[in-house]
Asks: 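The following block contains the structure, expressed as structure tokens.
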Amino acid sequence: MDVKLSSTLASILILVYITLTVKVLNWVWFLPRKLERFLRNQGLHGNPYRLFLGDMKDLLTVMKTEQPKTIELSDDIPPHILPYYQNIMAKYGKRSFVWFGPSPRVNIADPELIKEILTKPGVFHKPLPDPIGETIVGGLLFLEDEKWAKHRKIINPAFHIEKLKNMIPAMLLSCSEMIGKWEALVCSSGNSKEIDVWPYLEDLSGDVISRTAFGSSHEEGRRIFELQKEEVKLVLQILQFCFIPGWRHFPTKANRRMKAIKNEIQSSLRVIINRREKGEIIHNDLLGILMGSNFKEIREHGNKDVGMSIEDIIEECKLFYFAGSETTSSLLVWTLVLLSKYQDWQARAREEVLKVFGKKEPISMIWGDDVKEFKPDRFSEGVSSAANTQFSFIPFSSGPRVCIGQNFAMIEAKMALAMILQHFSFELSSNYLHAPFPIMTMQPQFGASLILHKL
Ligand code: HEM
């Protein structure tokens, strides 16, 4: 009897061992080799697959060597921000692939192919959301098919230009506060002062999204923004090990802090949303408009399933913060850096602002051979006419999944830039080190020290 039991147990263990071994071998070797054959048969080229790590070791080594370097403002950016991809493309051409551990990632640099991919989201699905990245960004950005269409329909009214107009006073308040802080600093040392503008711009976009998304609850919103900033830094640490299955469940310091932050953000948002549900919905901030639109959808169909759940609304609010802050602050910081270098364009931009608004608050309202020139007037006939082909310049993406916050971001950025130009002239400090680097968005690694002169 005992002998029978132990031989059955031994057989089960051997079976489990064989099954696991086959799964692991398939994951780290057979599947990647099969994918590699598919890719090569389709005319794509890249390094041969190397067991488990693929290109990761080389990629991290190249990134770590390149990241601390500074470059000249006139230098080409891609070799600095995406050095490994540049090496691969130089070696294998525009249709190439890179191994992220056992998964290949395809590089597409041909505007026609980019167009095809972006206009057919039903065919070219987004990669499965990374469980680590998804902690900070969920919602619309990662949804697909019917659920994406449902959320996009409910959220769209919040970004309608008429609704955005109501948010201009809130944006103005945030811009005025930043200008006030700069004025105080400049005046404290005569008429000019060197300021690293990057942290102020990061703060500005966080403040704008807090006010426009949460209205009267914006102080609670600010705390969420701070927590999300910390989360992004932690995600970058954790992502280096993302190809190790289950890494995010290891009780490392970073993983434990991530969990605590996630819980704090969820419960803060739940409190804000519950408060709105109990009281009257306020229709002039993003959350209010979104909740109003959700109730309308549910009422019209008489079915709760057609609307978004509280969990869904929480995810969308988290996305507003993430998508709406780093992006716009990066747009503004690089604009200021370039206008500092090209003083003639700074003067032209100021002239235009003064012609339209005077000193009043601004409330009334890729490419050819010259690609590497700072030439803002290429946009004078509109963004779509700026490049040789329409799909060469797509900062907000394109197709059905184009950025929903494009108008929001442009209103905020134009208002902030107009007010900065009205109050200050600026130039690059000799302490400025040019080191654009991609950390989700492209950020100035060593800040953006400008000398501000009060006008
Ligand atoms: C300069 C500022 C901004 C830039 C350059 C930008 C860029 C983009 C890009 C490239 C995408 C497509 C991403 C993808 O398909 O994987 C996107 C999507 C999105 N953006 Fe923005 N964005 C900006 C500002 C904003 C703001 C201010 C908000 C909201 C407050 C926002 C909300 C969103 C949302 C919700 C999506 C997902 C749309 C969908 O999948 O249907 N963005 N953005």
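First listed ligand is number 1; within each ligand, the first listed atom is number 1. Each residue takes its place number in the sequence, starting with 1.
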Asks: Measure the acute angle between the ring planes of His80 and Phe437, then classify it against the limits of 30° and 60° as parallel, tilted or perpendicular.
Replies: perpendicular

Asks: Any salt bridge between Arg401 and Glu144, counting N to O under 4.0 Å?
Replies: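 Salt bridge: yes.
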
Asks: Got a sec, which residues hit salt bridge (Lys or Arg N to Asp or Glu O under 4.0 Å) with Asp196, two or more places apart in sequence or on another chain?
Replies: none

Asks: List, pair by pair, the atoms of ligand 1 and of the protein that are both N or O and lie under 3.5 Å apart, giving the separation rounded to 0.1 Å.
Replies:
| from | atom 1 | to | atom 2 | distance (Å) |
| --- | --- | --- | --- | --- |
| ligand 1 | 15 (O) | Lys126 | NZ | 3.0 |
| ligand 1 | 16 (O) | Lys126 | NZ | 2.8 |
| ligand 1 | 40 (O) | Arg401 | NE | 3.1 |
| ligand 1 | 40 (O) | Arg401 | NH2 | 3.0 |
| ligand 1 | 41 (O) | Trp148 | NE1 | 2.7 |
| ligand 1 | 41 (O) | Arg152 | NH1 | 2.6 |

Asks: Taking salt bridge (Lys or Arg N to Asp or Glu O under 4.0 Å) as the definition, give me every residue that meets it alongside Lys153, ordered by chain and number, with sequence neighbours left out.
Replies: Glu297

Asks: Is there side-chain contact between Phe374 and Leu339, with heavy atoms separated by less than 4.5 Å?
Replies: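 Yes; the side chains approach each other to less than 4.5 Å.
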
Asks: Please identify each residue that fulfils side chain to side chain contact (heavy atoms under 4.5 Å, CB included) with Ser174, with sequence neighbours left out.
Replies: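 With sequence neighbours excluded, Ser174 shows a side chain to side chain contact (heavy atoms under 4.5 Å, CB included) to Leu204, Asp207, Val208, Arg211, given in chain and number order.
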
